[in-house]
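Reading through the C-alpha coordinates given below for one structure.
In this text, all values refer to a predicted model and were calculated from it rather than measured experimentally. The chains referred to below are lettered A, B, ... by the order of the sequence lines, with proteins before strands, and numbering in each begins at 1.
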There are 2 protein chains.
Amino acid sequence: MNKPEARTRIQERNRAAILDAGLDVFSQFGFRGATLDQIAEAAGLSKPNLLYYFPSKESVYETLLQELLHTWLDPLRAMRPEGDAVGEILGYVRRKLEMSRDYPRESRLFANEILQGAPRIMPALTGELRDLVNDKAAVIRGWSAAGRIATIDPHHLIFSIWALTQHYADFDVQVQAVLGPGDPYPAATAYLEQLFRRLLTG
Amino acid sequence: MNKPEARTRIQERNRAAILDAGLDVFSQFGFRGATLDQIAEAAGLSKPNLLYYFPSKESVYETLLQELLHTWLDPLRAMRPEGDAVGEILGYVRRKLEMSRDYPRESRLFANEILQGAPRIMPALTGELRDLVNDKAAVIRGWSAAGRIATIDPHHLIFSIWALTQHYADFDVQVQAVLGPGDPYPAATAYLEQLFRRLLTG
DNA sequence: ACTTGATTTGACCATTCGGTCAAAGCAACG
DNA sequence: CGTTGCTTTGACCGAATGGTCAAATCAAGT
(Lines give C-alpha, C1' and ligand atoms only; values in the text may rest on other atoms or scores of the structure.)
Protein backbone atom coordinates (compact mmCIF):
# COMPACT_ATOMS: atom_id res chain seq x y z
CA MET A 1 0.00 0.00 0.00
CA ASN A 2 2.13 2.89 1.21
CA LYS A 3 5.87 3.06 1.05
CA PRO A 4 7.18 2.15 4.53
CA GLU A 5 5.43 -1.22 4.65
CA ALA A 6 4.94 -3.76 1.92
CA ARG A 7 7.52 -2.59 -0.62
CA THR A 8 7.35 -3.71 -4.21
CA ARG A 9 10.46 -4.84 -6.04
CA ILE A 10 10.60 -1.50 -7.83
CA GLN A 11 10.43 0.40 -4.58
CA GLU A 12 13.12 -1.80 -3.11
CA ARG A 13 15.37 -1.21 -6.06
CA ASN A 14 14.85 2.54 -6.32
CA ARG A 15 15.16 3.21 -2.63
CA ALA A 16 18.41 1.26 -2.61
CA ALA A 17 19.70 3.17 -5.64
CA ILE A 18 18.86 6.48 -3.99
CA LEU A 19 20.55 5.56 -0.72
CA ASP A 20 23.61 4.33 -2.58
CA ALA A 21 23.81 7.50 -4.63
CA GLY A 22 23.18 9.60 -1.54
CA LEU A 23 26.01 7.86 0.23
CA ASP A 24 28.30 8.71 -2.68
CA VAL A 25 27.38 12.36 -2.73
CA PHE A 26 26.83 13.12 0.96
CA SER A 27 30.06 11.40 1.99
CA GLN A 28 31.98 13.58 -0.42
CA PHE A 29 30.30 16.96 -0.01
CA GLY A 30 28.46 16.77 3.29
CA PHE A 31 24.79 17.57 3.76
CA ARG A 32 24.91 21.19 2.68
CA GLY A 33 27.30 20.68 -0.20
CA ALA A 34 25.27 17.87 -1.76
CA THR A 35 22.41 18.59 -4.16
CA LEU A 36 19.30 16.61 -4.98
CA ASP A 37 19.99 16.82 -8.71
CA GLN A 38 23.41 15.29 -8.12
CA ILE A 39 21.95 12.43 -6.08
CA ALA A 40 19.09 11.88 -8.51
CA GLU A 41 21.44 11.68 -11.47
CA ALA A 42 23.77 9.30 -9.66
CA ALA A 43 20.75 7.14 -8.86
CA GLY A 44 19.55 7.22 -12.46
CA LEU A 45 16.29 8.96 -11.57
CA SER A 46 14.72 12.32 -12.14
CA LYS A 47 14.57 14.69 -9.20
CA PRO A 48 10.78 14.52 -8.79
CA ASN A 49 11.02 10.77 -8.98
CA LEU A 50 13.55 10.74 -6.17
CA LEU A 51 11.21 12.89 -4.12
CA TYR A 52 8.50 10.32 -4.73
CA TYR A 53 10.49 7.86 -2.62
CA PHE A 54 11.90 10.25 -0.02
CA PRO A 55 10.01 13.35 1.10
CA SER A 56 13.11 15.55 1.30
CA LYS A 57 16.89 15.80 1.03
CA GLU A 58 17.01 15.70 4.79
CA SER A 59 15.16 12.38 4.95
CA VAL A 60 17.64 10.69 2.61
CA TYR A 61 20.50 11.94 4.73
CA GLU A 62 18.91 10.90 8.00
CA THR A 63 18.06 7.45 6.70
CA LEU A 64 21.72 7.00 5.81
CA LEU A 65 22.91 8.22 9.20
CA GLN A 66 20.52 5.93 10.99
CA GLU A 67 21.56 2.85 9.01
CA LEU A 68 25.18 3.86 9.60
CA LEU A 69 25.02 3.99 13.38
CA HIS A 70 23.36 0.62 13.50
CA THR A 71 26.33 -1.15 11.96
CA TRP A 72 29.07 1.25 13.01
CA LEU A 73 29.17 0.18 16.62
CA ASP A 74 28.79 -3.55 16.04
CA PRO A 75 32.54 -4.29 16.03
CA LEU A 76 32.92 -2.57 19.40
CA ARG A 77 29.90 -4.36 20.78
CA ALA A 78 31.52 -7.63 19.76
CA MET A 79 34.38 -7.11 22.24
CA ARG A 80 33.75 -9.69 24.98
CA PRO A 81 35.08 -9.38 28.54
CA GLU A 82 35.58 -13.13 28.86
CA GLY A 83 37.88 -13.42 25.87
CA ASP A 84 41.63 -13.03 25.69
CA ALA A 85 42.27 -9.33 26.39
CA VAL A 86 44.93 -8.62 23.78
CA GLY A 87 43.13 -10.79 21.25
CA GLU A 88 39.82 -9.03 21.80
CA ILE A 89 41.34 -5.60 21.31
CA LEU A 90 43.39 -6.65 18.29
CA GLY A 91 40.26 -8.23 16.87
CA TYR A 92 38.41 -4.98 17.25
CA VAL A 93 41.22 -3.14 15.48
CA ARG A 94 41.18 -5.64 12.65
CA ARG A 95 37.40 -5.52 12.21
CA LYS A 96 37.42 -1.72 12.28
CA LEU A 97 40.18 -1.57 9.70
CA GLU A 98 38.26 -3.97 7.49
CA MET A 99 35.28 -1.67 7.71
CA SER A 100 37.43 1.23 6.55
CA ARG A 101 38.55 -0.84 3.60
CA ASP A 102 35.14 -2.26 2.70
CA TYR A 103 32.89 0.70 3.59
CA PRO A 104 34.98 3.86 3.16
CA ARG A 105 31.98 5.95 2.12
CA GLU A 106 30.22 5.24 5.39
CA SER A 107 33.30 6.32 7.27
CA ARG A 108 33.50 9.57 5.29
CA LEU A 109 29.82 10.27 5.77
CA PHE A 110 30.30 9.97 9.50
CA ALA A 111 33.43 12.15 9.40
CA ASN A 112 31.56 14.82 7.46
CA GLU A 113 28.72 14.84 9.95
CA ILE A 114 31.15 15.20 12.86
CA LEU A 115 33.13 17.96 11.12
CA GLN A 116 29.91 19.91 10.73
CA GLY A 117 29.42 19.70 14.47
CA ALA A 118 27.24 16.56 14.48
CA PRO A 119 24.02 18.58 14.23
CA ARG A 120 21.86 15.56 13.40
CA ILE A 121 23.67 12.79 15.23
CA MET A 122 24.56 14.45 18.52
CA PRO A 123 21.84 12.65 20.54
CA ALA A 124 23.25 9.30 19.47
CA LEU A 125 26.76 10.43 20.42
CA THR A 126 25.88 11.47 23.96
CA GLY A 127 23.51 8.54 24.34
CA GLU A 128 24.08 5.21 22.66
CA LEU A 129 27.73 5.83 21.77
CA ARG A 130 28.72 7.30 25.11
CA ASP A 131 27.12 4.44 27.02
CA LEU A 132 28.71 1.74 24.91
CA VAL A 133 32.14 3.37 25.13
CA ASN A 134 31.92 3.75 28.87
CA ASP A 135 30.85 0.15 29.15
CA LYS A 136 33.78 -1.10 27.11
CA ALA A 137 36.16 1.30 28.85
CA ALA A 138 35.23 -0.38 32.10
CA VAL A 139 35.98 -3.76 30.57
CA ILE A 140 39.40 -2.56 29.44
CA ARG A 141 40.10 -1.05 32.83
CA GLY A 142 39.27 -4.42 34.33
CA TRP A 143 41.77 -6.12 32.02
CA SER A 144 44.40 -3.62 33.08
CA ALA A 145 43.65 -4.12 36.76
CA ALA A 146 43.88 -7.87 36.32
CA GLY A 147 47.30 -7.50 34.73
CA ARG A 148 46.13 -8.93 31.41
CA ILE A 149 47.19 -5.82 29.49
CA ALA A 150 49.34 -2.83 30.32
CA THR A 151 47.86 0.08 32.22
CA ILE A 152 46.46 2.58 29.76
CA ASP A 153 43.70 5.15 29.51
CA PRO A 154 40.82 3.07 28.10
CA HIS A 155 38.93 6.00 26.53
CA HIS A 156 41.95 7.22 24.64
CA LEU A 157 42.74 3.66 23.62
CA ILE A 158 39.35 3.50 21.96
CA PHE A 159 39.83 6.93 20.39
CA SER A 160 43.19 5.83 19.01
CA ILE A 161 41.63 2.76 17.45
CA TRP A 162 39.00 4.92 15.76
CA ALA A 163 41.54 7.50 14.63
CA LEU A 164 44.00 5.00 13.20
CA THR A 165 41.54 2.79 11.39
CA GLN A 166 39.24 5.48 10.02
CA HIS A 167 42.21 7.47 8.80
CA TYR A 168 42.72 4.96 5.99
CA ALA A 169 39.16 5.55 4.76
CA ASP A 170 38.78 9.27 5.41
CA PHE A 171 42.23 10.35 4.22
CA ASP A 172 42.51 7.73 1.52
CA VAL A 173 43.45 10.18 -1.22
CA GLN A 174 46.25 11.57 0.94
CA VAL A 175 47.56 8.11 1.73
CA GLN A 176 47.49 7.23 -1.97
CA ALA A 177 49.13 10.53 -2.90
CA VAL A 178 52.05 9.77 -0.59
CA LEU A 179 52.41 6.03 -1.13
CA GLY A 180 51.49 5.97 -4.79
CA PRO A 181 48.85 3.67 -6.23
CA GLY A 182 48.34 0.27 -4.68
CA ASP A 183 46.51 -1.27 -1.74
CA PRO A 184 47.80 0.19 1.52
CA TYR A 185 45.78 -2.16 3.72
CA PRO A 186 48.13 -5.13 4.00
CA ALA A 187 50.91 -2.93 5.35
CA ALA A 188 48.46 -0.96 7.49
CA THR A 189 47.12 -4.15 9.04
CA ALA A 190 50.58 -5.34 9.96
CA TYR A 191 51.59 -1.93 11.28
CA LEU A 192 48.53 -1.52 13.48
CA GLU A 193 48.86 -5.01 14.91
CA GLN A 194 52.46 -4.29 15.79
CA LEU A 195 51.52 -0.94 17.33
CA PHE A 196 48.73 -2.18 19.53
CA ARG A 197 50.49 -5.35 20.53
CA ARG A 198 53.44 -3.34 21.81
CA LEU A 199 51.17 -0.82 23.50
CA LEU A 200 49.14 -3.44 25.32
CA THR A 201 51.96 -5.76 26.32
CA GLY A 202 54.40 -2.99 27.22
CA MET B 1 47.86 51.43 -4.86
CA ASN B 2 46.28 48.10 -5.71
CA LYS B 3 45.45 45.39 -3.25
CA PRO B 4 48.27 42.85 -3.41
CA GLU B 5 51.00 45.40 -2.65
CA ALA B 6 50.94 48.32 -0.24
CA ARG B 7 48.00 47.44 1.96
CA THR B 8 46.32 50.06 4.07
CA ARG B 9 45.35 49.35 7.68
CA ILE B 10 41.72 48.97 6.63
CA GLN B 11 42.62 46.46 3.95
CA GLU B 12 44.74 44.54 6.40
CA ARG B 13 41.93 44.41 8.91
CA ASN B 14 39.19 43.44 6.47
CA ARG B 15 41.22 40.83 4.65
CA ALA B 16 42.08 39.26 8.00
CA ALA B 17 38.45 39.33 9.11
CA ILE B 18 37.36 37.67 5.87
CA LEU B 19 39.97 34.94 6.12
CA ASP B 20 39.10 34.31 9.74
CA ALA B 21 35.40 34.11 8.92
CA GLY B 22 36.14 31.95 5.89
CA LEU B 23 38.13 29.56 8.07
CA ASP B 24 35.16 29.28 10.42
CA VAL B 25 32.69 28.54 7.67
CA PHE B 26 34.76 26.49 5.23
CA SER B 27 36.17 24.28 7.99
CA GLN B 28 32.66 23.43 9.08
CA PHE B 29 30.80 23.06 5.78
CA GLY B 30 33.48 22.53 3.17
CA PHE B 31 33.83 24.56 -0.01
CA ARG B 32 30.49 23.67 -1.54
CA GLY B 33 28.53 23.84 1.67
CA ALA B 34 29.78 27.30 2.60
CA THR B 35 28.09 30.44 1.28
CA LEU B 36 29.44 33.91 0.68
CA ASP B 37 26.62 35.49 2.68
CA GLN B 38 27.55 33.32 5.63
CA ILE B 39 31.20 34.31 5.43
CA ALA B 40 30.40 37.97 4.88
CA GLU B 41 28.11 38.08 7.89
CA ALA B 42 30.67 36.31 10.07
CA ALA B 43 33.24 38.87 8.94
CA GLY B 44 30.91 41.77 9.64
CA LEU B 45 30.84 42.91 6.02
CA SER B 46 28.30 43.05 3.22
CA LYS B 47 28.69 40.52 0.44
CA PRO B 48 29.70 43.05 -2.21
CA ASN B 49 32.20 44.47 0.22
CA LEU B 50 33.72 41.04 0.73
CA LEU B 51 33.98 40.68 -3.02
CA TYR B 52 35.83 43.98 -3.09
CA TYR B 53 38.70 42.30 -1.22
CA PHE B 54 38.56 38.87 -2.81
CA PRO B 55 37.44 38.34 -6.40
CA SER B 56 35.52 35.13 -5.67
CA LYS B 57 34.54 32.50 -3.13
CA GLU B 58 37.16 30.28 -4.66
CA SER B 59 39.91 32.81 -4.05
CA VAL B 60 39.11 33.05 -0.33
CA TYR B 61 39.22 29.29 -0.07
CA GLU B 62 42.44 28.96 -1.99
CA THR B 63 44.14 31.66 0.02
CA LEU B 64 43.26 29.75 3.17
CA LEU B 65 44.52 26.45 1.76
CA GLN B 66 47.76 28.03 0.66
CA GLU B 67 48.42 29.61 4.07
CA LEU B 68 47.54 26.28 5.65
CA LEU B 69 50.03 24.15 3.77
CA HIS B 70 52.79 26.60 4.54
CA THR B 71 52.53 26.03 8.29
CA TRP B 72 51.08 22.54 8.30
CA LEU B 73 54.29 20.80 7.35
CA ASP B 74 56.63 22.83 9.53
CA PRO B 75 56.52 20.45 12.51
CA LEU B 76 57.52 17.55 10.27
CA ARG B 77 60.25 19.60 8.64
CA ALA B 78 61.62 20.31 12.10
CA MET B 79 62.46 16.63 12.64
CA ARG B 80 66.25 16.47 12.48
CA PRO B 81 68.26 13.34 11.63
CA GLU B 82 71.07 14.25 14.02
CA GLY B 83 68.87 14.47 17.09
CA ASP B 84 67.84 11.73 19.48
CA ALA B 85 65.59 9.44 17.45
CA VAL B 86 62.87 8.79 20.01
CA GLY B 87 62.99 12.39 21.19
CA GLU B 88 62.66 13.73 17.66
CA ILE B 89 59.61 11.60 16.91
CA LEU B 90 57.97 12.31 20.27
CA GLY B 91 58.66 15.99 19.70
CA TYR B 92 56.88 15.80 16.36
CA VAL B 93 53.92 14.12 18.00
CA ARG B 94 53.78 16.77 20.69
CA ARG B 95 54.01 19.69 18.24
CA LYS B 96 51.36 18.15 16.02
CA LEU B 97 49.03 17.62 18.97
CA GLU B 98 49.56 21.22 20.04
CA MET B 99 48.56 22.32 16.56
CA SER B 100 45.34 20.34 16.86
CA ARG B 101 44.63 22.05 20.14
CA ASP B 102 45.58 25.57 19.04
CA TYR B 103 44.44 25.48 15.41
CA PRO B 104 41.54 23.04 15.19
CA ARG B 105 39.82 24.96 12.40
CA GLU B 106 42.84 24.60 10.16
CA SER B 107 42.85 20.88 10.79
CA ARG B 108 39.18 20.62 9.91
CA LEU B 109 39.60 22.69 6.78
CA PHE B 110 42.27 20.29 5.62
CA ALA B 111 40.15 17.27 6.54
CA ASN B 112 37.22 18.68 4.58
CA GLU B 113 39.36 19.25 1.51
CA ILE B 114 40.70 15.68 1.67
CA LEU B 115 37.23 14.21 2.18
CA GLN B 116 36.09 15.96 -0.96
CA GLY B 117 38.87 14.25 -2.85
CA ALA B 118 41.46 17.02 -2.52
CA PRO B 119 40.38 18.68 -5.78
CA ARG B 120 42.32 21.88 -5.11
CA ILE B 121 45.24 20.58 -3.08
CA MET B 122 46.17 17.40 -4.91
CA PRO B 123 49.27 18.86 -6.62
CA ALA B 124 50.70 19.79 -3.24
CA LEU B 125 49.97 16.29 -1.93
CA THR B 126 51.77 14.46 -4.71
CA GLY B 127 54.53 17.08 -4.78
CA GLU B 128 55.66 18.94 -1.70
CA LEU B 129 54.01 16.61 0.80
CA ARG B 130 55.06 13.39 -0.86
CA ASP B 131 58.67 14.54 -1.14
CA LEU B 132 58.88 15.67 2.46
CA VAL B 133 57.31 12.47 3.75
CA ASN B 134 59.62 10.30 1.69
CA ASP B 135 62.57 12.31 2.95
CA LYS B 136 61.59 11.88 6.58
CA ALA B 137 60.66 8.24 6.02
CA ALA B 138 64.25 7.67 4.92
CA VAL B 139 65.49 9.34 8.08
CA ILE B 140 63.29 7.09 10.22
CA ARG B 141 64.39 4.03 8.31
CA GLY B 142 67.96 5.06 9.02
CA TRP B 143 67.21 5.27 12.74
CA SER B 144 65.70 1.80 12.61
CA ALA B 145 68.67 0.38 10.74
CA ALA B 146 71.03 1.95 13.29
CA GLY B 147 69.12 0.28 16.09
CA ARG B 148 68.08 3.59 17.63
CA ILE B 149 64.37 2.74 17.40
CA ALA B 150 62.44 -0.45 16.75
CA THR B 151 61.91 -1.61 13.18
CA ILE B 152 58.66 -0.14 11.89
CA ASP B 153 57.12 0.97 8.62
CA PRO B 154 58.13 4.66 8.49
CA HIS B 155 55.28 5.78 6.22
CA HIS B 156 52.63 4.24 8.40
CA LEU B 157 54.35 5.64 11.45
CA ILE B 158 53.88 9.11 9.99
CA PHE B 159 50.28 8.33 9.02
CA SER B 160 49.58 7.17 12.54
CA ILE B 161 50.97 10.40 13.99
CA TRP B 162 48.71 12.40 11.68
CA ALA B 163 45.68 10.26 12.42
CA LEU B 164 46.09 10.29 16.19
CA THR B 165 46.85 13.97 16.61
CA GLN B 166 44.36 15.36 14.08
CA HIS B 167 41.62 13.18 15.50
CA TYR B 168 41.44 15.42 18.55
CA ALA B 169 40.76 18.44 16.34
CA ASP B 170 38.60 16.89 13.63
CA PHE B 171 36.46 14.70 15.88
CA ASP B 172 36.45 17.10 18.79
CA VAL B 173 32.67 17.06 19.24
CA GLN B 174 32.68 13.26 19.36
CA VAL B 175 35.49 13.22 21.93
CA GLN B 176 33.61 15.75 24.04
CA ALA B 177 30.35 13.84 23.64
CA VAL B 178 31.97 10.71 25.04
CA LEU B 179 34.24 12.22 27.70
CA GLY B 180 31.93 15.02 28.73
CA PRO B 181 33.02 18.65 28.91
CA GLY B 182 36.59 19.44 29.86
CA ASP B 183 40.00 19.66 28.19
CA PRO B 184 40.94 16.26 26.77
CA TYR B 185 44.46 17.35 25.80
CA PRO B 186 46.40 16.66 29.01
CA ALA B 187 45.29 13.03 29.00
CA ALA B 188 45.74 12.77 25.24
CA THR B 189 49.28 14.07 25.49
CA ALA B 190 50.20 11.52 28.13
CA TYR B 191 48.50 8.69 26.25
CA LEU B 192 50.20 9.44 22.94
CA GLU B 193 53.62 9.73 24.55
CA GLN B 194 53.10 6.37 26.20
CA LEU B 195 51.89 4.84 22.94
CA PHE B 196 54.76 6.03 20.77
CA ARG B 197 57.39 5.44 23.36
CA ARG B 198 56.35 1.79 23.62
CA LEU B 199 56.08 1.44 19.87
CA LEU B 200 59.52 2.87 19.20
CA THR B 201 61.42 1.17 22.01
CA GLY B 202 59.63 -2.18 21.63
C1' DA C 1 -9.02 -4.76 -23.79
C1' DC C 2 -10.07 -2.32 -19.41
C1' DT C 3 -9.33 -0.79 -15.06
C1' DT C 4 -6.73 0.38 -11.12
C1' DG C 5 -2.99 1.86 -8.67
C1' DA C 6 1.91 2.49 -8.77
C1' DT C 7 5.45 5.12 -11.09
C1' DT C 8 7.52 8.81 -13.82
C1' DT C 9 8.05 13.30 -15.63
C1' DG C 10 7.84 18.22 -17.62
C1' DA C 11 6.66 22.48 -16.15
C1' DC C 12 6.77 25.35 -12.62
C1' DC C 13 7.70 28.04 -8.04
C1' DA C 14 10.01 30.65 -4.36
C1' DT C 15 14.39 31.11 -2.50
C1' DT C 16 19.20 31.21 -2.42
C1' DC C 17 23.40 31.14 -4.79
C1' DG C 18 27.81 33.60 -6.64
C1' DG C 19 28.74 37.67 -8.69
C1' DT C 20 28.21 42.64 -11.03
C1' DC C 21 27.65 47.54 -11.14
C1' DA C 22 26.79 52.20 -10.62
C1' DA C 23 26.32 55.27 -7.23
C1' DA C 24 27.05 56.83 -2.71
C1' DG C 25 29.99 57.54 1.47
C1' DC C 26 34.22 58.63 3.39
C1' DA C 27 39.08 59.86 4.64
C1' DA C 28 43.11 62.45 3.52
C1' DC C 29 45.33 66.14 1.67
C1' DG C 30 46.01 70.35 -0.95
C1' DC D 1 36.64 74.13 0.88
C1' DG D 2 37.26 70.83 -3.00
C1' DT D 3 39.30 67.15 -5.02
C1' DT D 4 40.97 62.49 -5.30
C1' DG D 5 40.91 57.81 -4.53
C1' DC D 6 39.71 54.21 -1.32
C1' DT D 7 35.67 51.90 0.66
C1' DT D 8 30.83 50.53 1.13
C1' DT D 9 26.33 49.40 -0.36
C1' DG D 10 21.48 48.75 -2.53
C1' DA D 11 19.70 47.04 -6.48
C1' DC D 12 20.08 43.75 -9.60
C1' DC D 13 21.29 39.43 -12.67
C1' DG D 14 21.29 34.66 -14.33
C1' DA D 15 21.81 30.21 -12.62
C1' DA D 16 21.05 26.69 -9.28
C1' DT D 17 18.61 25.09 -5.31
C1' DG D 18 14.86 22.21 -2.74
C1' DG D 19 10.42 21.16 -3.55
C1' DT D 20 5.37 20.88 -5.78
C1' DC D 21 1.81 19.35 -8.91
C1' DA D 22 -1.04 17.77 -12.42
C1' DA D 23 -0.77 15.03 -16.07
C1' DA D 24 1.20 11.21 -18.46
C1' DT D 25 2.96 6.49 -18.45
C1' DC D 26 3.37 1.92 -16.97
C1' DA D 27 2.51 -2.69 -14.86
C1' DA D 28 -0.61 -6.14 -13.31
C1' DG D 29 -4.83 -8.36 -12.71
C1' DT D 30 -9.48 -9.16 -14.53
Not counting sequence neighbours, which residues clear ring-ring contact (aromatic ring centres under 6.0 Å, His included) with A:Phe171? List them please. A:His167
Check: protein-nucleotides 15-18 of chain D nitrogen or oxygen pairs below 3.5 Å:
unit_1 : atom_1 : unit_2  : atom_2 : d
D:dG18 : OP1    : A:Ala34 : O      : 3.2
D:dG18 : OP1    : A:Leu36 : N      : 3.4
D:dG18 : OP1    : A:Lys57 : NZ     : 3.1
D:dG18 : OP2    : A:Leu36 : N      : 2.8
D:dG18 : N7     : A:Lys47 : NZ     : 2.9

Would you mind reading off the distance between B:Ile10 atom CD1 and D:dT8 atom C1', rounded to a whole angstrom? 10 Å
Are B:Tyr52 and D:dT8 close enough that a side-chain N or O sits under 4.0 Å from OP1 or OP2? no
So, is B:Ser46 near the phosphate of D:dT8, with a side-chain N or O under 4.0 Å from OP1 or OP2? no
If a pair satisfies side-chain hydrogen bond (donor to acceptor under 3.5 Å, both in side chains) and one of its residues is in residues 108-122 of chain A, list it, with sequence neighbours excluded. A:Glu58-A:Arg120, A:Tyr61-A:Glu113
Distance, rounded to the nearest Å, where B:Tyr53 contributes OH and D:dC6 contributes P: 11 Å
Please state how far atom CD1 in B:Ile18 lies from atom C1' in D:dT8, giving the value in whole angstrom units. 12 Å
Residues at least two apart in sequence or cross-chain that pass side-chain hydrogen bond (donor to acceptor under 3.5 Å, both in side chains) with B:Asn14, listed by chain then number, are B:Tyr53
With a 4.0 Å cut-off, would you call B:Asp20 and B:Arg105 a salt bridge? yes
Roughly, in whole Å, what's the span from CD in B:Glu41 to C1' in D:dT9? 16 Å
Do the side-chain N or O atoms of A:Asn14 get closer than 4.0 angstrom to the phosphate oxygens (OP1, OP2) of C:dT8? yes
Which side-chain N or O atoms in residues 62-72 of chain A pair as donor and acceptor under 3.5 Å with protein atoms at least two apart or in another chain?
unit_1  : atom_1 : unit_2  : atom_2 : d
A:Thr63 : OG1    : A:Ser59 : O      : 2.7
A:Thr71 : OG1    : A:Leu68 : O      : 3.2

Does D:dG10 have its OP1 or OP2 closer than 4.0 Å to a side-chain nitrogen or oxygen of B:Asn49? no
Sort and list the pairs that fulfil side-chain hydrogen bond (donor to acceptor under 3.5 Å, both in side chains) and have at least one residue in residues 122-135 of chain B, not counting sequence neighbours. B:Asn134-B:His155
On the nucleotide D:dT7, are OP1 or OP2 found under 4.0 Å from the side-chain N or O atoms that B:Gln11 carries? yes
